[in-house]
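Below, each value reflects all heavy atoms present in this structure, side chains not excepted, and no hydrogens, waters or symmetry copies. Sequence positions, counted from 1, serve as the residue numbers for this chain.
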Amino acid sequence: VRCVQETAWEFIEQIGQQMAEHEFDISGVRIRVRCSELTRELEQKLVANVLVLAEEQKKNAKVVDDKKLATEIREYLNKTAEFGGDEGTAWHVIVGQHFVCSLKHESKSLIFFDVVGYHKSVLAFKSGQSQKNIPIISYLNLSLIHI
């Protein structure tokens, strides 16, 4: 996975540490963050919520449905003020094992991580018209090869 900021390389230098790949555990589940512009606190809050949603699905249906999980994550992000859910811009979420994308997103509004125990990857980003006119300046090209 490669994150590329095409319009302002200085931005990458400023948040390079934050965007760097890192891992942590939540409730015994290994999380590998491949790329993130969120704060560590927001990362962990989002991942914890994703795990709760996935566990609920697994308990009820014995399997985690990617489309349903992506929809539930998007709804959570769009309604939670900490993630800017009240700003009028939309979060977009992709959940799966194999996908390739090229996207344009608002700066400081992207996370791409693996839930290792579930063999799932989650990409969430905010894009669209904002009431606050936040510039959309970040570009991301990524290919996912799940390991």
Side-chain angles (χ1 to χ4, degrees), residues 1-6 11-12 15-132 134-147:
V1 177
R2 195 176 94 215
C3 293
V4 179
Q5 176 74 31
E6 296 176 348
F11 182 71
I12 282 188
I15 63 168
Q17 182 76 19
Q18 188 173 341
M19 288 180 67
E21 188 171 309
H22 57 281
E23 296 186 9
F24 58 91
D25 289 322
I26 292 185
S27 303
V29 178
R30 194 87 185 131
I31 305 299
R32 180 184 308 118
V33 178
R34 296 190 188 210
C35 181
S36 178
E37 295 179 359
L38 303 179
T39 64
R40 295 281 199 252
E41 181 183 336
L42 287 179
E43 275 180 17
Q44 291 185 358
K45 184 173 182 173
L46 174 60
V47 169
N49 185 265
V50 168
L51 292 177
V52 167
L53 294 171
E55 280 298 317
E56 286 174 6
Q57 275 193 33
K58 200 171 179 183
K59 190 184 308 177
N60 296 333
K62 306 285 187 229
V63 68
V64 177
D65 178 86
D66 294 347
K67 183 178 179 182
K68 185 176 179 184
L69 183 59
T71 300
E72 291 172 346
I73 295 167
R74 181 179 47 84
E75 288 171 357
Y76 168 75
L77 289 168
N78 282 334
K79 73 178 182 182
T80 306
E82 288 174 294
F83 293 100
D86 57 349
E87 294 177 356
T89 54
W91 278 91
H92 305 278
V93 180
I94 301 168
V95 175
Q97 291 185 348
H98 306 308
F99 55 88
V100 176
C101 70
S102 178
L103 58 94
K104 189 165 136 177
H105 66 92
E106 288 184 13
S107 48
K108 299 184 183 177
S109 299
L110 171 110
I111 184 167
F112 177 48
F113 63 94
D114 300 322
V115 183
V116 178
Y118 286 89
H119 303 290
K120 302 281 183 194
S121 293
V122 177
L123 170 64
F125 61 96
K126 193 164 34 164
S127 181
Q129 212 47 293
S130 173
Q131 294 173 353
K132 293 185 177 181
I134 298 170
I136 300 174
I137 61 167
S138 299
Y139 297 88
L140 175 77
N141 293 303
L142 65 87
S143 297
L144 168 64
I145 300 170
H146 206 294
I147 29 177

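Pairing each heavy atom of Lys120 with each of Val64, the nearest pair is NZ-O, 3.6 Å. Closest non-hydrogen pair, Phe125 versus Leu110, comes out as CB-CD1, 3.9 Å. Residue Ser127 comes nearest to His92 through the heavy atom pair O-NE2, 3.4 Å, listed as atom of the first residue, atom of the second, then distance. Considering all non-hydrogen atoms of both residues, Leu77 and Ala124 come closest at CD1-CB, 4.0 Å.
Taken from NZ in Lys58 to CG in Leu69, the straight-line distance is 12.5 Å, to the nearest 0.5 Å. How far CD of Glu37 is from NE2 of His105: 4.5 Å, rounded to the nearest 0.5 Å. Residue Arg34 holds its CZ atom at 11.0 Å from CG of Leu123, rounded to the nearest 0.5 Å. The CG atom of Leu46 sits 7.5 Å away from the CH2 atom of Trp91 when rounded to the nearest 0.5 Å. To the nearest 0.5 angstrom, Ile73 atom CD1 is 12.5 Å from Lys68 atom NZ. A distance of 6.5 Å separates CG of Leu38 from CZ of Phe83, quoted to the nearest 0.5 Å.
Residues passing the side chain to side chain donor-acceptor pair (under 3.5 Å) test with Glu23, sequence neighbours excluded: Arg30, Arg32.
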The test is salt bridge (Lys or Arg N to Asp or Glu O under 4.0 Å); show your working for Glu43 and Arg40 and say whether it passes. CA-CA 5 Å; Glu43 275 180 17; Arg40 295 281 199 252; 3.6 Å; yes
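Of the possible polar contacts, one joining the Asp65 side chain to the Lys67 backbone as a donor-acceptor pair under 3.5 Å is found.
Residues Val33 and Ile31 have side chains in contact (heavy-atom distance under 4.5 Å, counting atoms from C-beta outward).
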